[in-house]
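First up is the structure itself, then whatever we jot down about it.
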Amino acid sequence: MSEQNDHVVLDVKGLQTYFYTDDGVVKAVDGLSYQVRNGEFVGLVGESGCGKSVSAMSVLRLIPYPPGVIAGGQIVFKGEDLLQASEERMREIRGNRIAMVFQEPTTSLNPVLTVGRQISESLELHRGLDKNEARDESARLLDLVGIPDPSKRVTDYPYQFSGGMQQRIMIAMALSCDPELLIADEPTTSLDVTVQAQLLEIIAKLRDEFQMAVVVITHNLGLVARYVDRVNVMYAGKLVESGPTETIFAEPKHPYTVGLLASVPRLDSHHKVVPRVIPGLPPNLAHLSQGCSFAPRCAYAMDECRASAPQLEPVATTGAAAEASGHERACFYDAAKLEKVDMLD
Amino acid sequence: MSDESTGTAVSDQPSDAPRQRASVEDVLVDVKNLVKYFPVTAGVLRRKVGDVKAVDDVSFTIGRGETLGLVGESGCGKTTTGRCILQLYDVTSGSVVFNDVDLVQTKGEQLRRMRRHMQLIFQDPFASLDPRMTAGDIIGEPLLVHKIAKGNEYRERVAELLSMVELDPAVASRYPHEFSGGQRQRLGIARALAVNPDFIVCDEAVSALDVSIQAQIITLLMRLREEFNLTYLFIAHDLAVVRNISDRVAVMYLGKIVEITTSDQLYANPRHPYTISLLSAVPIPDPVVDRTRERIVLEGDVPSPMNPPGGCPFHTRCPQATDICRTQVPEMKKVDEGHMASCHLLDAI
């Protein structure tokens, strides 16, 4: 895909992030590769402990060392390998060109500073605004994320905002330097359904306005279906399937994706449906087997799956069309025999 | 609010056919005009300056063997309602009749004896298990408290409870930190089952879990319900989960129930504007289907329960609100058999 490289904002290649613990080496991210194109809205889905958040932290090199180490791979952001960049260079990039929104707004905001002060900080640091300019700009940003009466509210403290409003402030802060890439790590977890949809709506709107690329990490498949262009499904530190949102939801071709989609209770089913269950638990990342990490829980596992790990390859069934759409999966089982479970019957 | 919100779980869905249906006559929990205000104090003298009206005149019934879902946004009073039923809070007024005994009037030893019949499963499986007790002790504690079993019988019962929730009885000697979130939730369920309860309040019991684990716990709860003819009050904010496990669903807003009906009706034919907007906010995990749905985005936040708006509590955010909504509190009205809603505009919508 070299001819498209200029459109690729972020190119993660074979990323390995390991944690050295008493229990052994935890391979939180182990050979993760994915690309994010200009203006693209990418969803990274998977269960707790599959390495989603660690992979996002790795992009910004925020992995605590020790015990964490980025052991291998490349993180190419606009042609520059961030893993080779100096710490000084990283500081210019973090919050300025790549911004991040974290899971818990309550713990991410400083409780003793006004929100205006907190947003101004990066405006003064990265954009060199003076105090008054920064204050006006903060109010403008709050307005952008839909906080009513912004010029008054810049002087409020975080506790005076609800959880959803706090997360809006986090988004405003992330946008303050007009980033090229926004990474949102579970931005809506622990919030109400109504608020979750509102927040993703804001992110989607701002994505269009700012022409920035967005990676959203979530386990809410409903939100993924509604807002995301491309879905990357992660399991045990690797991508197991990747493709355009509609393809992934209509024709999932990895047994884990199939199982994940079938385990979500649906609101629109004609009658009550008992969710299908993926048996067992996610693997211990310190003791991964030779073969496919999903094999112990997989109904289709064959000897081959236990012997060696499948690589991410274009889904073969639809030939050239699949390659063009970028539908890939890491599985040995015959793709033609894998079908999504109809949750409406 | 009226007292006639008695529940018949009318549903002829095949997936529910083998379950014993609740009937109007066989009411296990009867909540009438339940009110719970939390006082708000200020200053050094802790003078009372107001009340948080967490639950404000709530009435419903739950039939024996039935599952009632309770949904609503954070702060709407769902959890408080559950805890008031279990008498974990002192109720401000109203009655909670459980098995023909009014729990609000019951005190001391008698209440303790009643507690055997009703249990609670908590949301956070990390915070609700004592980190210094073994799994076996956690599950067995209710057996000792209620003097149900000791010695060999105790150990056998603990092993039986563990296998009931599909855990290996050998894990009894392990500590909570050795378990995953889903396994801890299984321990919480086993602890609730220890005393052979009739009624279990599941307070966001699956909200903190990953989807695949959530599905495992839901199926476990459904199986146990059949096996022991349990009655659940299933509190959650995830409407899709609630729909699939409940016979009937009550929707709460600002301390009041705004709509209550069978879970199939609630989805197929929601009548209260709040229910309609809540349902439309839930994205469907299928991009093609989701695109065809009408979305109503509610403006603003839930008003403070310390100072709820007059008239209909929802009027400040309701897209259809008219003058009558701003001045008069709507009554719970019958929309259909077993379907009640409190809205002035039921005929207009």
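Naming convention: chains lettered A, B, ... in sequence-line order (proteins, then strands); numbering from 1 in each chain. It should be emphasised that the depicted structure is a prediction, and the values quoted were computed from it without experimental measurement.
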A:Ala197 to B:Ala281 - nearest heavy-atom pair and separation:
CB-O, 3.8 Å
Is any side-chain heavy atom of B:Asp286 less than 4.5 Å from a side-chain heavy atom of A:Glu246?
no
Identify the heavy atoms of B:Ser212 and A:Arg297 that sit nearest to each other, and give their distance.
OG-NH2, 3.4 Å
Which of the residues B:Leu278, B:Val242, B:Ile213 is involved in the greatest number of heavy-atom pairs with chain A at under 4.5 angstrom?
B:Ile213
Tell me the closest heavy-atom pair linking A:Asp192 and B:Glu73, and the distance in Å.
OD2-CB, 3.3 Å
Correct closest heavy-atom pair for A:Arg226 and B:Val282 would be NH2-O, 3.7 Å
Atom group of A:Pro148 that falls short of 4.5 Å from chain B, counting heavy atoms
neither
Value for CG (A:Asp268) from CZ (B:Arg243), rounded to nearest 0.5 Å, stands at 8.0 Å
Structural part of B:Ser180 lying under 4.5 Å from a heavy atom of chain A
side chain
Using a 6.0 Å cut-off, check whether atom CD of A:Gln160 has over 12 heavy atoms from anything other than its own residue.
yes
Is the closest side-chain heavy-atom distance between B:Gln214 and A:Ser263 below 4.5 Å?
no
Within the structure provided, determine whether A:Gln196 and B:Pro283 are in side-chain contact (heavy-atom separation under 4.5 Å).
no
From B:Gln183 atom CD to A:Leu281 atom CG, the distance as rounded to the nearest 0.5 Å
5.0 Å
Heavy atoms only: give me the nearest B:Pro285-A:Phe249 pair and the separation to one decimal.
O-CD2, 3.2 Å
For a 4.5 angstrom cut-off between non-hydrogen side-chain atoms, does B:Asn244 reach A:Leu267?
no
With B:Pro287 as reference, evaluate A:Thr245, A:Val231, A:Val228, A:Val224 under the side-chain contact (heavy atoms from CB on, under 4.5 Å) test and give the passing residue.
A:Thr245
Nearest heavy-atom pair of B:Ile284 and A:Ala225: which atoms, and what distance?
O-CB, 3.5 Å
Examine distances only and state if a side-chain atom of B:Asp210 and a backbone atom of A:Ser48 form a donor-acceptor pair shorter than 3.5 Å.
yes
Side chain, backbone, both or neither: which part of B:Leu239 has an atom under 4.5 Å from a heavy atom of chain A?
both
Below 4.5 Å from any heavy atom of chain A, which atoms of B:Ser280 appear? Answer side chain, backbone, both or neither.
backbone
